[in-house]
Peer 1: 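Below you'll find the structure I mean.
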There are 2 protein chains.
Amino acid sequence: MTALEQYISSFFGVPDNDLTAIANYFQPQQLRKQEYYLKAGQVCDTLSFQHSGLTRFFVQLPEKEVTQWIGTPAYFVTDLNGLFFGKPARCSIQALEDCELFTIHRKDYQQLGEKIPSWHELEKRFIARCFTYMEDRVFNLLAMSAEQRYQWLFGMHPGLFNQVPLQYLASMLGMTPETLSRIRKKQLS
Amino acid sequence: MTALEQYISSFFGVPDNDLTAIANYFQPQQLRKQEYYLKAGQVCDTLSFQHSGLTRFFVQLPEKEVTQWIGTPAYFVTDLNGLFFGKPARCSIQALEDCELFTIHRKDYQQLGEKIPSWHELEKRFIARCFTYMEDRVFNLLAMSAEQRYQWLFGMHPGLFNQVPLQYLASMLGMTPETLSRIRKKQLS
DNA sequence: TCCTTCTCTTGACAAAAATCAAGAAGTTAT
DNA sequence: ATAACTTCTTGATTTTTGTCAAGAGAAGGA
């Protein structure tokens with residue numbers, strides 16, 4: 001079983017035949033550090049699984065830059081607004097380190113749904129999962145203090161804090177780098 | 001064309017045959033003011049379109065209560081964590097006023113996907129839409145001040161502020177009722 | 001290797017928002 | 001209609017978080 005097949009099956013039960021067929025639609029793609037997967041304003045017409053490396057989803061505002069999300073292995077990389085609704089992206093997606101992806105283009109993507117019925121179900125569950133994750137984030141931002149949000153992320157992905165510049169994680173947590181730095185200092189004691 | 005068919009078709013292009021067939025799977029449901037659609041801890045096994053009235057999605061914490069979302073006509077009502085993943089709900093869903101819904105139960109729901117292929121696509125786009133909405137909310141909470149978040153919601157749904165107790169909207173916007181009250185006072189001048 | 005650049009930390013201060021408390025206004029039930 | 005509740009507003013104060021500025025440390029390029 002290939003790495004991609006493992007990703008797909010690790011999320012949801014899919015018949016083995018379909019698994020191979022689905023995986024065959026995806027092509028390997030390299031992304032060098034600093035390279036863009038997507039630039040703000042473009043319409044995203046690809047969907048990828050991230051195999052290795054890290055990506056950063058961020059929005060450039062006049063006054064500041066907001067990191068929305070750090071993409072880690074075994075997750076989707078795409079902009080749903082582009083892929084589904086043909087809208088230009090607000091956020092850019094850039095490689096924080098060299099990345100290996102498995103990518104499918106929109107035209108193949110539509111065939112996938114027609115030829116392999118289980119793909120629809122798979123994808124639906126995948127998106128639903130993304131939605132519930134976002135729901136959690138909204139809840140955290142509504143209900144938790146900066147310190148509690150830090151503890152939540154650190155509890156889920158302690159490794160991220162060694163791999164990703166802290167300023168990006170601070171932004172993703174809705175606080176300034178200074179505040180994150182102070183919270184981390186406090187955690188030591 | 002029934003009201004439900006109109007809701008469905010207003011979102012996405014679906015063949016007319018399928019539209020009627022899909023709509024037939026849904027049953028009308030009444031919800032009295034204060035009545036619960038779902039209580040925290042239950043596993044949600046229904047999906048509804050909201051036809052009239054308002055619903056409130058909220059989480060009860062030991063110290064406080066957090067309103068996650070106000071459900072308005074023409075939107076989904078459900079807990080995806082329950083419907084897709086069989087997990088108990090963190091949030092309760094309660095009618096703020098008398099509501100009319102169109103509801104489908106999980107068992108019929110699975111048939112729907114098997115018998116009417118376009119439903120999968122429709123639903124996928126619907127969930128994707130919910131996801132991008134949540135993405136916007138996360139972005140707003142990360143990037144905007146309390147005042148900007150108020151203006152955003154007021155710009156989208158000015159009517160809500162006359163229908164929903166302000167304390168719930170304040171919570172949904174990630175601020176206290178006092179802060180919302182002061183922001184609204186400031187907007188008058 | 002040295003120099004530049006980027007990242008993180010720290011302190012002093014400012015701003016935003018939360019908390020506490022009281023009272024006004026509006027609803028609901030009897 | 002009145003009493004009991006709930007909701008909203010306002011002021012005073014505290015807490016949290018952001019801003020500005022400086023410097024230490026680490027990473028990367030010539």
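Naming convention: chains lettered A, B, ... in sequence-line order (proteins, then strands); numbering from 1 in each chain. Side chains are part of it too, since the values below use all heavy atoms of this structure and drop only hydrogens, waters and symmetry mates.
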Peer 1: Just how far, in rounded Å, is C1' of D:dT16 from CZ of A:Arg149?
Peer 2: 11 Å
Peer 1: Round to the nearest Å and state the distance from A:Gln167 atom CD to D:dA26 atom C1'.
Peer 2: 13 Å
Peer 1: How many whole angstroms separate atom NZ of A:Lys186 from atom C1' of D:dT15?
Peer 2: 11 Å
Peer 1: Within this structure, what is the CG-to-P distance between B:Leu180 and D:dC8, rounded to whole angstrom?
Peer 2: 9 Å
Peer 1: How many whole angstroms separate atom NZ of B:Lys33 from atom C1' of D:dT6?
Peer 2: 11 Å
Peer 1: Between C:dA17 atom P and A:Glu147 atom CD, what is the distance in whole Å?
Peer 2: 20 Å
Peer 1: Quickly work out the A:Met175 CE to D:dT19 P distance and round it to whole Å.
Peer 2: 14 Å
Peer 1: Does a side-chain N or O from B:Ser181 land closer than 4.0 Å to OP1 or OP2 of D:dC8, or not?
Peer 2: no
Peer 1: With a 4.0 Å cut-off on heavy atoms, is B:Glu178 in touch with a base, just the backbone sugar-phosphate, or nothing at all?
Peer 2: base
Peer 1: So, do A:Gln68 and A:Arg56 sit near enough that their side-chain heavy atoms are less than 4.5 Å apart?
Peer 2: no
Peer 1: Going by atom types only, do A:Gln27 and A:Thr103 share a side-chain donor-acceptor pair under 3.5 Å?
Peer 2: no
Peer 1: Does the side chain of B:Thr176 get closer than 4.0 angstrom to OP1 or OP2 of C:dA17 through an N or O atom?
Peer 2: no
Peer 1: Tell me whether B:Asp45 is salt-bridged to B:Lys107, with the criterion being a basic N under 4.0 Å from an acidic carboxylate O.
Peer 2: no
Peer 1: Can you work out whether A:Gly174 or B:Val164 has the more 5'-proximal nearest nucleotide on DNA chain D?
Peer 2: B:Val164
Peer 1: What is the distance, rounded to the nearest whole Å, between atom CD of A:Gln148 and atom C1' of D:dT17?
Peer 2: 14 Å
Peer 1: Without hydrogens or angle criteria, can the side chains of A:Tyr37 and A:Thr46 be said to hold a donor-acceptor pair below 3.5 Å?
Peer 2: yes
Peer 1: So what does B:Pro177 hit on the nucleic acid, given a heavy-atom distance under 4.0 Å: a base, only sugar-phosphate, or nothing?
Peer 2: nothing
Peer 1: Using a cut-off of 4.0 Å on non-hydrogen atoms, how would the nucleic acid contact of B:Arg184 be classed: base, sugar-phosphate, or nothing?
Peer 2: nothing
